[in-house]
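What follows is a single structure, written as structure tokens, with notes after it.
The structure presented is a predicted model; accordingly, all values stated were derived computationally and were not measured.
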Amino acid sequence: MVNRALSSAKQSPATAAGLQNSLQICAASLASALVATLASQAQMVTGIAIMICMFGLWVGYIVANKHLSQHFTTPDNARVVQDK
């Protein structure tokens with residue numbers, strides 16, 4: 001991926017590499033700041049993460065179970081006419 005990104009900047013590969021490095025450092029710094037901010041509230045963040053995961057599990061269960069997913073979806077009029 002890096003080679004592909006740098007191949008488009010043949011006139012100034014050092015500038016492209018510098019831009020990529022600065023973007024990586026910015027992303028890493030933001031992620032580190034987020035972790036540092038939430039570290040003082042570790043129990044709350046863990047609870048929120050568990051709730052998000054539970055919500056994802058329930059959505060996956062509903063989508064996978066055809067009987068339940070019929071209750072949450074609206075019928076497609078084109079398919080209803082074709083079936084009859």
Side-chain angles (χ1 to χ4, degrees):
M1 184 171 156
V2 174
N3 289 334
R4 198 173 354 150
L6 294 178
S7 68
S8 64
K10 294 188 187 240
Q11 292 81 13
S12 57
T15 304
L19 175 64
Q20 182 184 10
N21 288 339
S22 65
L23 290 174
Q24 288 175 342
I25 289 171
C26 287
S29 297
L30 288 174
S32 178
L34 180 67
V35 169
T37 301
L38 299 176
S40 64
Q41 302 167 351
Q43 289 179 339
M44 184 181 73
V45 172
T46 303
I48 291 171
I50 290 171
M51 296 299 286
I52 291 170
C53 289
M54 286 176 54
F55 177 73
L57 287 171
W58 277 108
V59 169
Y61 177 73
I62 290 170
V63 169
N65 191 340
K66 295 201 183 287
H67 179 67
L68 284 176
S69 65
Q70 289 175 356
H71 295 290
F72 293 103
T73 56
T74 57
D76 185 7
N77 291 334
R79 291 184 182 173
V80 171
V81 171
Q82 288 177 357
D83 291 341
K84 293 180 180 180

Q) Given a cutoff of under 4.5 Å between side-chain heavy atoms of I, L, V, M, F, W and Y, with clusters grown through shared members, what are the other residues clustered with Ile48? A)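 Members besides Ile48, by chain and number: Met44, Ile52.
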Q: State yes or no: do Leu34 and Val45 share one hydrophobic cluster built from I, L, V, M, F, W and Y residues joined by side-chain heavy-atom distances below 4.5 Å, directly or via other members?
A: yes
**Q.** Heavy-atom donor-acceptor pair, Ser29 side chain to Ile25 backbone, under 3.5 Å
**A.**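 The answer is yes, because a donor-acceptor pair under 3.5 Å joins these two groups.
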Q.
If you define the side chain from C-beta out and look only at heavy atoms, does anything of Phe55 sit under 4.5 Å from Val59?
A.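 Yes, their side chains come closer than 4.5 Å.
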